Amino acid sequence: MKEPVTDRSNTIIPHPELMELPPISMAKQAIAEDFQRYFSRTLGRDSEHCTNHYLYEALAYTIRDRLMERWKNTRRAYEQQHARRTCYLSLEFLIGRSLSNAMLNLDITDEVSKMLFDYGIELEELVDAEHDAGLGNGGLGRLAACFVDSCATLQLPVLGYGLRYDYGMFRQKIHNGHQTEEPDHWMRDGNPWELERPEFSQRIQFGGHTEHWCDDDGTLRVRWVATHDVLAIPYDTPVPGFNNDTVNSLRLWKSTATDEFDLEEFNAGDYSEAVAEKNNAEHITMVLYPNDASENGKELRLRQQYFLASASLQDTIRRWLRLEGNNFDTFVDKHCFQLNDTHPSIAVAELMRLLIDRHHLSWDKAWHITSHTMAYTNHTLLPEALEKWPVELFQKLLPRPLEIIKEINARFLTEASRRWPGDSDKLRNLSIIEEGHTPMVRMANLAIVGSFSVNGVAALHSQLLIEGLFREFYELWPHKFNNKTNGVTQRRWLAMCNPGMSQLIDQHIGKEWITDLGQLKKLTAYADDKTFQKNWRMEKLANKQRLAELVEKECGIHFDTSALFDIQVKRIHEYKRQLLNILHVIHLYNRIKQGDTQNWTNRCVLIGGKAAPGYAMAKLIIKLVNNVADVVNTDPDVGELLKVVFLPNYRVSAMEVICPGADLSEQISTAGKEASGTGNMKFMMNGAITIGTLDGANIEILEEVGEDNFFLFGLTAAEVTEMRKNYHPDAIIAADKDLQAVMQLLSSGHFNQFEPGLFDPIIDSISSPYDPWLTAADFRSFVDAQQQIAQAYQNQENWTRMSILNTTASGKFSTDRTMLEYNQNIWKLKQITPYVAKDK
Ligand code: B0W
């Protein structure tokens, strides 16, 4: 075997005093001293170089210092108590900003704010100087970030493993209404939150071939040789719990070249080829793939997946060997690997490989360990998001893991054929390898076969999984399947992003809701209290003002805060039906032009979200939103009655301003298509009322809040399935005057006067009998629900009541609840209290 890659593990035993740090103070004066020292000494700045960025950086180090002892103590407690752990494996962690979150969790926001005030600095300006860590596409990545937050607060030993992309989610710019993408070099100014741990680097193999041989005991062994290796360097980010001394870790891997050269190539004079390989190594973690829930299929993506799985598993085994020695008998009792969708599911084969080839376990022992430690979460039913890789590509890139996959499959099919003898159709569906012209490895099948738990992310989604996509696996192993409804962390998504409303809540029911969101139920008693309602309205108004300022700055459009703020922000995808939303906007515009404005409710519509760069239809929908916005916003007949904007570059830090300022939350996907949604929960928590279909977690939101406080519309999932068999949108359009008028405006080119034919693909899709998203079918009930909303908004007292009741009913949607359920049914971890940090 090759030498270990970096040997910085030679431990020196220092004088104990080196480790004896004086306690760190949380008092304003001490914070000020550290802040000053970092700014002047560590960063070397003075009054002439006093930008918000440097001030932010100095503050970040000041805060990070206050996490450091807690971080080490947490790690030590886990090790000393031999804690069972979960490793959460995810290609995405959409963290956003860290500073405010760290201050909130340490409960020092007020002290810091006062300290800065004394220097004439606004905390908010420094907070805004932090770049978002946009290491995710959307819901799936943000969910991972909320999960690790909740686990730290619940004091669960959960370690996040992901990739440290140099470029996160692209920056979206709008030029002439079109989306353009710019690279997001988020770490260009450094990242004060991470700690490099080169001593824990791992070597990852790619390519080469396998050799089968017999060792001295006559045991058949396999070695994977002539590989092109890459190093994985870990960077740790602290994940603080709320006020509880726990600081967990998020470990992100960066790829880099080994120090070796291909000497043969080098000596043969092919210097640039030898260097090119180094470049290739660095490429693995260069960029996040921006294709939320749609096809990737690129070789580099498979490299990323294997790189993450292998580095994380090797790291886990390294720690095991150090703490427990070379005996894997109790490994199962101490580990769980939660796979965030199929993206890291190659981990099933990789753990087998490491246990068999490196640590010489038998197949059966290795399989026992693997299939009792892996757990898989599915996030989507969309067929285009189900990952498959050509066997040929696997053979080239990962020949040894492929051998193992084939062996897993052979053994699995033998088991399945005992259950269904001779049923070759069934076996073909179940097989991990899809036969055909281009044989493929089906990653979901690998994940299910290799896992002891398979879960969906909302009740309907989990039900649809076992009835449809995974039905045959469910028949085989019903015990594996379960539901875990998603959530969001109320620390970021209420306490941090909505301090005004949080304070109002605190004054009435105390602060317990921050770690026990069910407490919000107590506020129900105030839903009819006129003074409370007035205060609630005032907070909402202040938040709407803040959002209006963002809109003015980004879009140059004035939002009047007395209007209904109608918001849809999420990735742009046909199934999410931003198109239905804009059809309603066109309908309102048409009513204004027809003079049909009696009893009108002024409305400000905001749509935001990124389209995958290769998704032409999604990009065209963005262009349509922008064109409609141009026409509406510049028409003097419209004035304050209706405003429409497309907010560019939707991201975590934008949502922190958007969700507190929303009145109406648009959750309008075609029923059965949105697995859960999590934006819906953030809006609800902040007192927005939902207009939604019976899809994903909307159903559970409706259950919690009641139908008087939710605007339901549209076909159910079952009706969607039925209607798709016999769908005639032309007849629907012909029978509906309003929809007809909207289609007429679209096809007359009213929104593309100088770009003839531009929106034809959209018009065609709405009128196509094969439109999978049934936009025309839901138009009427959507418009009717919107009309009810407009009426309801005019009764401000009742609207406020509904708003309060949405917040009070949002307790279920905390990731604290979600994590407790994962823990009770899947992980079975013990809560561990670390040794308390020594503060003054
Ligand atoms: C994200 C990325 C990729 C990819 O890069 O290949 C593929 C699929 C996804 C993805 N994202 N699949 N589902 C999701 C979203 O996950 C969240 C969290 O569970 C759900 O709330 C959304 O409903 C789902 O669309």
Side-chain angles (χ1 to χ4, degrees), residues 88 90-94 134-147 162-163 165 168-170 287-298 300-302 304-305 308 338-346 376-389 443-444 447 455-462 464-465 469 483-489 493 569-577 609-615 618 655 667-684 692-693 695-701 717 813 815 818-819 822:
Y88 194 80
S90 177
L91 269 283
E92 303 185 16
F93 284 91
L94 186 39
L135 310 185
N137 272 286
L140 172 145
R142 183 54 231 175
L143 186 76
C146 284
F147 276 12
L163 295 182
Y165 302 107
M169 190 61 202
F170 64 80
V287 60
L288 167 81
Y289 275 93
N291 300 347
D292 188 83
S294 52
E295 227 155 277
N296 265 308
K298 296 280 189 304
L300 184 60
R301 168 75 170 183
L302 181 57
Q304 289 185 338
Q305 297 185 345
L308 168 66
Q338 189 72 42
L339 307 175
N340 199 17
D341 216 290
T342 53
H343 316 156
S345 63
I346 183 65
Y376 157 54
T377 304
N378 172 283
H379 293 266
T380 178
L381 291 155
L382 298 185
E384 64 267 35
L386 284 183
E387 290 193 300
K388 290 177 193 175
W389 294 105
M443 301 311 278
N455 75 282
V457 290
L460 173 71
H461 169 62
S462 298
L464 294 176
L465 278 180
L469 203 56
N483 174 58
K484 296 286 168 283
T485 299
N486 284 167
V488 302
T489 168
W493 295 113
V569 282
K570 48 183 79 239
R571 288 300 292 253
I572 311 293
H573 204 297
E574 287 161 280
Y575 84 81
K576 294 177 189 277
R577 295 201 297 196
K610 294 174 183 175
Y615 190 171
M655 185 57 157
Q667 307 301 335
I668 60 178
S669 52
T670 311
K673 302 298 173 199
E674 186 72 89
S676 162
T678 44
N680 46 5
M681 302 168 183
K682 293 165 199 166
F683 282 115
M684 178 199 200
T693 47
D695 200 15
N698 295 353
I699 298 175
E700 290 156 80
I701 288 178
F813 303 106
T815 34
T818 312
M819 292 296 85
Y822 272 82

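We number each residue from 1, following the sequence as shown. Because the structure is a prediction, the values reported are computed rather than measured. Order of appearance sets the numbers: ligands from 1, and atoms from 1 within every ligand.
Across M681 and I701, no two heavy atoms sit closer than the pair N-CD1, 4.2 Å. Smallest separation of non-hydrogen atoms from G672 and D695: N-OD1, 2.7 Å. Residues Y88 and F93 share a closest heavy-atom pair of O-CZ, 3.8 Å. Shortest non-hydrogen contact noted between V457 and N378 is CG1-O, 3.7 Å.
Looking at H379 next to ligand 1, an N or O pair under 3.5 Å apart turns up. On a distance-only criterion, N486 and ligand 1 share at least one N/O pair closer than 3.5 Å. At least one N/O-N/O distance between G677 and ligand 1 falls below 3.5 Å. The shortest N or O to N or O distance between D341 and ligand 1 is not under 3.5 Å.
Residue H379 is tested with N455, N486, T342, N340 for a side chain to side chain donor-acceptor pair (under 3.5 Å); the sole match is N340.
Every atom of ligand 1 with a heavy atom of A675 under 4.0 Å away is listed here by number and element: 23 (O). Shown in contact with T380 at under 4.0 Å from a heavy atom are these atoms of ligand 1, numbered in order with element: 12 (N), 13 (N). Heavy-atom contacts of E674 reach the following atoms of ligand 1: 22 (C), 23 (O), 24 (C), 25 (O) (cutoff under 4.0 Å). If you number the atoms of ligand 1 from 1 as listed, the ones under 4.0 Å from a heavy atom of H343 come out as 2 (C), 3 (C), 7 (C), 8 (C). Counting atoms of ligand 1 from 1 in the listed order, those under 4.0 Å from a heavy atom of Y575 are 25 (O). Taking a cut-off of under 4.0 Å to the non-hydrogen atoms of E92, the atoms of ligand 1 that pass are 2 (C), 5 (O).
For E387, no heavy-atom contact with ligand 1 is shorter than 4.0 Å. Contact annotation for L382 and ligand 1: no heavy atom of the residue comes within less than 4.0 Å of the ligand. Here N291 has backbone heavy atoms under 4.0 Å from ligand 1, and that is the only part of it that gets that close.
Taking CG from L91 and CZ from R301, the interatomic distance works out to 4.5 Å, rounded to the nearest 0.5 Å.
For R577, the salt bridge (charged side-chain N to carboxylate O under 4.0 Å, His left out) criterion is met by D778, not counting sequence neighbours.
Put simply, the side chain of L381 reaches to within 4.5 Å of the side chain of L465, judged on heavy atoms.
Remark: among candidates L140, N680, N137, the nearest residue to atom 17 (C) of ligand 1 is L140, based on non-hydrogen atoms.
Here salt bridge (Lys or Arg N to Asp or Glu O under 4.0 Å) pairs that include residues 669-680, with residues two or more places apart or in two chains, are K576-E674.
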